[in-house]
Amino acid sequence: MTLLQAATAVRERAYAPYSRFKVGAALRSTSGAVHVGCNVENVAYPEGTCAEAGAIAAMIAAGDTGIAEILVIADSPEPVPPCGGCRQKIAEFAAQDVPVTLCTTDGKMKVTTVADLLPGVFTAAHMDRT
Ligand code: THU
């Protein structure tokens with residue numbers, strides 16, 4: 001199954017009664033396994049989680065620790081970009097040159113990279129005072 005197929009399928013299971021904006025994400029880990037996630041909203045709005053966060057949680061729960069590629073899909077007019085928080089979450093587990101594919105349900109697609117999505121990323125090195 002391709003990342004597009006996996007993200008399209010999991011998007012249908014999104015729980016988005018408040019925004020009515022369903023998002024699916026699929027990533028291939030450095031081990032080769034595919035992990036998926038969808039957004040899960042909550043009546044206490046800030047408690048909702050994004051599709052990318054779900055896919056990353058599934059990856060970690062499965063014992064994988066690196067993202068080789070990731071794809072996000074939504075029914076948006078233009079390819080849906082990850083929110084700022086998700087860019088940082090992706091950067092935690094992905095090299096700067098890892099491709100991030102942004103998709104719409106009607107077939108538009110844009111390929112970018114972790115570096116392009118999050119210039120000036122905060123890393124563990126910024127906490128190193130020695
Ligand atoms: N959302 C995602 O799941 N991923 C994104 O990349 C953009 C936004 C979700 C969060 C919320 O449930 C809904 O889309 C509207 O913001």
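Nothing here was measured: the structure is a model prediction, and the numbers come from that model. All ligand and atom numbering here is 1-based and tracks the order in the structure.
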Interfacing atoms of ligand 1 (cut-off 4.0 Å, heavy-atom, S19):
13 (C), 15 (C)
How many angstroms lie between OG1 in T104 and CD in E78, if you round to the nearest 0.5 Å?
8.0 Å
Kindly state if atom 16 (O) of ligand 1 has a protein heavy atom within a strict 4.0 Å cut-off, that is, under 4.0 Å?
no
Provide the number and element of each atom of ligand 1 under 4.0 Å from a heavy atom of C83.
6 (O)
Kindly determine whether D97 and T113 satisfy side chain to side chain donor-acceptor pair (under 3.5 Å), including the steps that lead there.
CA-CA 6 Å; D97 62 349; T113 64; over 6 Å; no
Does T49 reach ligand 1 with a nitrogen or oxygen that is under 3.5 Å from one of the ligand's nitrogen or oxygen atoms?
no
Ignoring hydrogens and geometry, is there a side-chain-to-backbone donor-acceptor pair from Q88 to F122 under 3.5 Å?
yes
Does ligand 1 come near enough to E52 that some N or O of the ligand is less than 3.5 Å from an N or O of the residue?
yes
Subset of ligand 1 atoms that lie under 4.0 Å from at least one heavy atom of E41:
11 (C), 12 (O), 13 (C)
Checking side chain to side chain contact (heavy atoms under 4.5 Å, CB included) for the pair I56/E92: CA distance, chi angles, key distance, verdict?
CA-CA 10 Å; I56 290 169; E92 182 77 14; over 6 Å; no
So CD1 of I73 and CG of L102: to nearest 0.5 Å the spacing works out to 11.0 Å
Could you tell me which non-hydrogen atom of I60 sits nearest to which non-hydrogen atom of T65, and how far apart they are?
CD1-CA, 4.3 Å
May I ask whether P82 has any heavy atom positioned less than 4.0 angstrom from an atom of ligand 1?
yes
Can you tell me the protein heavy atom closest to atom 14 (O) of ligand 1 and the distance?
F21 CD2, 3.4 Å
Taking distance alone, with no angle check, do C50 and ligand 1 share an N/O pair under 3.5 Å?
no
For G48, is the nearest heavy atom under 4.0 Å from an atom of ligand 1?
no
For the hydrophobic clusters of this structure (ILVMFWY residues joined by side-chain heavy atoms under 4.5 Å, transitively), does one cluster hold both V23 and V10?
no
Can you name the closest pair of heavy atoms from E41 and Y18 and give their distance?
OE1-N, 3.1 Å
Starting from atom 9 (C) of ligand 1, what is the nearest protein heavy atom, named by residue and atom, and what distance separates them?
N39 ND2, 3.6 Å
List every atom of ligand 1 that sits less than 4.0 Å from any heavy atom of A51, numbering the atoms from 1 in the order shown and giving each element.
2 (C), 3 (O)
So, does P81 sit close enough to ligand 1 that a heavy atom of it is under 4.0 Å from the ligand?
yes
Suppose I only count heavy atoms of V23 and a 4.0 Å limit; which atoms of ligand 1 are within that range?
1 (N), 2 (C), 3 (O), 4 (N), 9 (C), 14 (O)
If you measure from CD on E69 to CG on L27, what distance do you get to the nearest 0.5 Å?
9.0 Å
